[in-house]
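Notes follow the structure.
The structure presented is a predicted model; accordingly, all values stated were derived computationally and were not measured.
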2 protein chains.
Amino acid sequence: MTRPTIHDVARAAGVSLSTVDRVLNDRDGVREKTRSRVLEAIGSLGFERNLAAANLSRKRRYRLCFILPDGQNSFMHALEADLAEEAAAALRDFTVIETRKVPAFDAGALAELLRSLDPETVDGVAMVATDATIVRVAVRELRARGVAVVTLVSDLPGAEKQGFVGIDNVQAGRTAGSLLGRFCRGRTGRIAMVSGSMLVRDHAERRLGFEQVLRTEFPEQTLIAPLEGLDDKDRVRDQLGAQLAADPEIIGVYSMGAGNRGVAEALVGLPAGRDVSVVVHELTPYSREALLDGTFDAVLHQNSRREVQGAIQLLRSLLDAQFPPLFVQPIPVEIYLRDNLP
Amino acid sequence: MTRPTIHDVARAAGVSLSTVDRVLNDRDGVREKTRSRVLEAIGSLGFERNLAAANLSRKRRYRLCFILPDGQNSFMHALEADLAEEAAAALRDFTVIETRKVPAFDAGALAELLRSLDPETVDGVAMVATDATIVRVAVRELRARGVAVVTLVSDLPGAEKQGFVGIDNVQAGRTAGSLLGRFCRGRTGRIAMVSGSMLVRDHAERRLGFEQVLRTEFPEQTLIAPLEGLDDKDRVRDQLGAQLAADPEIIGVYSMGAGNRGVAEALVGLPAGRDVSVVVHELTPYSREALLDGTFDAVLHQNSRREVQGAIQLLRSLLDAQFPPLFVQPIPVEIYLRDNLP
DNA sequence: TTGAAAGCGCTAACAG
DNA sequence: CTGTTAGCGCTTTCAA
């Protein structure tokens with residue numbers, strides 16, 4: 001009924017509270033024999049430490065740092081706003097969150113920031129990663145300094161980080177491919193792609209999944225090499241607009257990065273009769289409007305609020321060295337069509 | 001840096017700890033004037049009670065009861081398994097979860113169970129609701145006895161319960177309509193619907209959303225009145241099979257309840273050349289297989305693990321009388337096509 | 001290498 | 001009506 005405490009363990013092992021504590025936190029200064037007696041008592045009683053009591057006693061605080069790309073796209077704005085709200089709420093749980101910005105797509109700047117982080121001030125880091133060796137190295141160093149690191153939204157594959165919170169981007173790309181393929185059914189032509197930059201893993205993965213599905217399931221369509229819009233609406237508008245104008249065979253567009261407004265603007269410029277199916281990422285005021293007026297056919301979305309919550313939760317469980325290491329639910333890709341907008 | 005404690009409040013207000021405690025937990029036996037002095041101190045210091053410390057001191061435990069429909073469908077099985085795992089994990093947070101089963105679609109049995117619940121043993125209830133007045137009344141009584149109540153998966157609209165954790169079923173129906181409508185494009189005919197029972201709110205809501213979209217966006221299709229499959233695969237197989245055989249004009253099926261196996265079996269029996277588009281709910285081994293072999297076109301899914309976690313979280317926050325009352329993220333409808341299966 | 005004792009922030013008797 | 005005191009389960013000096 002009432003679970004065992006260190007008192008029970010101490011009594012069962014015939015030692016004092018402090019000794020139990022030493023074993024629990026594997027501090028040294030305990031004879032191997034004593035140690036095993038304590039461990040045995042813990043095992044037979046099924047003791048599990050009361051984290052709340054431990055944290056109270058030790059005045060534990062979790063100091064987290066979130067690193068986001070500096071930029072003006074709607075999705076990152078939303079992410080930042082959600083983070084601000086969650087940070088306020090997290091204070092109640094003794095979690096202090098600091099937000100830092102680095103220039104988007106700039107691996108050097110990100111690495112430098114990581115390198116500047118002081119383990120005396122920061123316990124854990126969540127970052128929207130730029131995928132580059134220099135970043136990987138900086139993460140490894142940070143971890144060596146005892147800081148927990150997870151990636152958020154865009155991953156940094158490899159063992160350097162301790163977790164990723166975000167959608168499965170390959171799967172998102174497959175979903176986009178499957179939808180766009182079906183939307184274009186009955187017509188044959190070319191498909192344009194717009195990415196932000198292939199330097200961020202999420203866009204690269206989306207492209208992979210998208211091409212996979214289109215090649216195998218919809219071989220009648222031809223893929224054009226992706227434009228790099230750098231998540232900038234003007235650049236996207238200009239490049240995509242030019243491509244569409246030059247190539248009347250384009251019947252579908254997949255935009256895997258930000259810059260939805262640019263995509264919409266490029267499409268508005270087309271001659272009235274031309275029918276282009278469009279799938280983009282992230283539900284924003286612009287993509288929403290474009291969905292409603294029929295310019296976009298589907299929007300794939302990730303819930304940034306949930307992502308922020310997941311990252312906080314994951315970092316805390318890592319810092320608690322919780323076992324089993326808490327399974328944070330993966331973030332699902334949400335699909336919006338004109339008729340199911342929330 | 002370090003947040004204020006009741007000691008600080010007591011000192012600022014010139015009273016003892018107990019008095020502060022009395023005010024905090026609004027117990028009586030405090031003169032109005034003293035009370036306001038304490039409240040003022042709390043306000044000016046920005047004091048917020050440390051819930052962990054309070055719970056430790058009062059040996060707080062959260063005793064929750066989950067009520068699920070008894071039945072053999074895959075989704076409820078998955079829900080139950082997830083609940084079992086989450087219950088084990090919740091123990092660490094002093095949350096004890098008991099699971100109860102009632103016959104599916106049986107409002108009387110559910111109401112009776114609710115009436116039998118003892119507030120001395122249970123602090124909060126999460127239930128998959130059957131939508132009936134008798135249930136509504138039982139919930140109201142339970143709440144009056146001081147028990148927190150939320151609905152899970154299927155809602156009980158009204159002020160009786162304190163929250164709902166599940167998908168937006170009207171939106172799910174709209175999504176189904178939007179997808180099926182597009183899948184049937186180019187063909188004109190009739191659309192069959194299979195529900196479990198209109199006594200559960202989720203199916204009724206799905207139907208609503210589905211019909212809305214089909215009527216307005218795809219008026220060329222004709223809707224047939226829904227079959228009641230009672231979530232039973234054999235019944236679904238027989239009824240739908242008969243309907244499909246009798247009516248060669250049926251080109252689409254929307255199944256909004258359980259019994260996916262029955263749906264798949266009914267379709268397998270069709271003559272080779274017949275093309276029927278199908279949208280169903282819940283990703284299960286059967287629906288997955290049917291998606292892969294092309295029998296089903298899309299599966300709408302709700303993540304039961306997330307729903308269980310959400311319900312636990314919500315009940316705990318209600319019991320803590322937390323303010324603001326913790327916003328539990330809505331559960332998104334996940335859409336699976338053959339190419340984006342996880 | 002071990003133990004005793006004080007204290008984390010809050011609650012709950014029990015006195016006054 | 002208000003205050004004193006002894007915990008809740010765990011950690012942390014400080015002695016031994």
Side-chain angles (χ1 to χ4, degrees), chain A residues 1-42 45-62 91-95 319-322, chain B residues 1-42 45-62 91-96 319-323:
Chain A
M1 195 64 210
T2 173
R3 53 192 243 196
T5 73
I6 47 172
H7 282 90
D8 304 314
V9 175
R11 194 172 333 106
V15 298
S16 76
L17 296 183
S18 340
T19 301
V20 176
D21 182 74
R22 285 181 189 109
V23 173
L24 276 178
N25 299 288
D26 30 35
R27 282 187 268 267
D28 47 2
V30 182
R31 221 183 341 156
E32 191 45 43
K33 205 172 159 194
T34 319
R35 176 188 183 69
S36 64
R37 248 193 312 144
V38 173
L39 286 175
E40 200 179 329
I42 289 178
L45 290 177
F47 167 85
E48 280 192 84
R49 74 128 68 52
N50 179 335
L51 227 194
N55 283 351
L56 172 61
S57 165
R58 111 191 340 162
K59 293 162 167 290
R60 179 82 152 100
R61 302 142 106 324
Y62 301 82
L91 279 177
R92 255 187 286 268
D93 300 319
F94 301 94
T95 303
L319 294 171
D320 287 337
Q322 215 171 81
Chain B
M1 195 61 210
T2 176
R3 50 192 241 195
T5 74
I6 47 171
H7 282 91
D8 303 315
V9 175
R11 195 175 329 108
V15 298
S16 76
L17 296 183
S18 344
T19 300
V20 176
D21 182 71
R22 286 184 187 105
V23 173
L24 276 179
N25 299 286
D26 29 36
R27 282 186 269 266
D28 47 359
V30 182
R31 220 187 337 161
E32 193 43 44
K33 203 170 158 196
T34 320
R35 178 190 181 66
S36 64
R37 248 192 312 143
V38 172
L39 286 175
E40 198 179 329
I42 289 177
L45 290 176
F47 168 86
E48 279 193 86
R49 78 128 68 50
N50 179 337
L51 227 193
N55 283 350
L56 174 61
S57 163
R58 90 174 21 141
K59 291 164 169 292
R60 179 81 152 102
R61 302 142 107 321
Y62 302 83
L91 280 177
R92 255 186 286 266
D93 301 317
F94 302 92
T95 303
V96 187
L319 293 171
D320 287 336
Q322 218 171 82
F323 184 82

Does Ser18(A) reach the main-chain N or O of Ser16(A) with its side chain, forming a donor-acceptor pair under 3.5 Å?
-> no
Between the CG atom in Leu319(A) and the CZ atom in Arg61(A), the distance rounded to the nearest 0.5 Å is 13.5 Å
Measure the spacing between CG of Asn25(B) and CZ of Arg58(B) and express it to the nearest 0.5 Å.
-> 5.5 Å
With a 4.0 Å cut-off (strictly under) to non-hydrogen atoms of chain A, the first and last hit nts on DNA chain C, 5' to 3', are dT1(C) to dG9(C)
State whether the side chain of Asp8(B) and the backbone N or O of Thr5(B) hold a donor-acceptor pair below 3.5 Å, judged by distance alone.
-> yes
Which part of the nucleic acid, if any, lies within reach of Val20(B) when heavy atoms closer than 4.0 Å are counted: base, sugar-phosphate only, or nothing?
-> nothing
Could you tell me which non-hydrogen atom of Val38(A) sits nearest to which non-hydrogen atom of Ala13(A), and how far apart they are?
-> CA-CB, 4.0 Å
Phosphate contact (dT2(D) OP1 or OP2) by Thr19(B) side-chain N/O below 4.0 Å | no
Does the cation-pi check pass for Arg60(B) over Tyr62(B), that is, NZ or CZ under 6.0 Å from the six-membered ring centre and within 45° of its axis?
-> yes
How does protein reach along nucleotides 10-16 of chain D, written 5' to 3' as B (base within reach of a heavy atom under 4.0 Å), S (only sugar-phosphate), or - (no contact)?
-> BBB----
So which one's nearest nucleotide on DNA chain D is more toward 5', Leu56(B) or Val30(B)?
-> Val30(B)
Could you walk me through whether Val20(B) and Phe47(B) pass side chain to side chain contact (heavy atoms under 4.5 Å, CB included), step by step?
-> CA-CA 11 Å; Val20(B) 176; Phe47(B) 168 86; 5.8 Å; no
Close side-chain approach of Ile6(B) and Asp21(B), heavy atoms under 4.5 Å = no
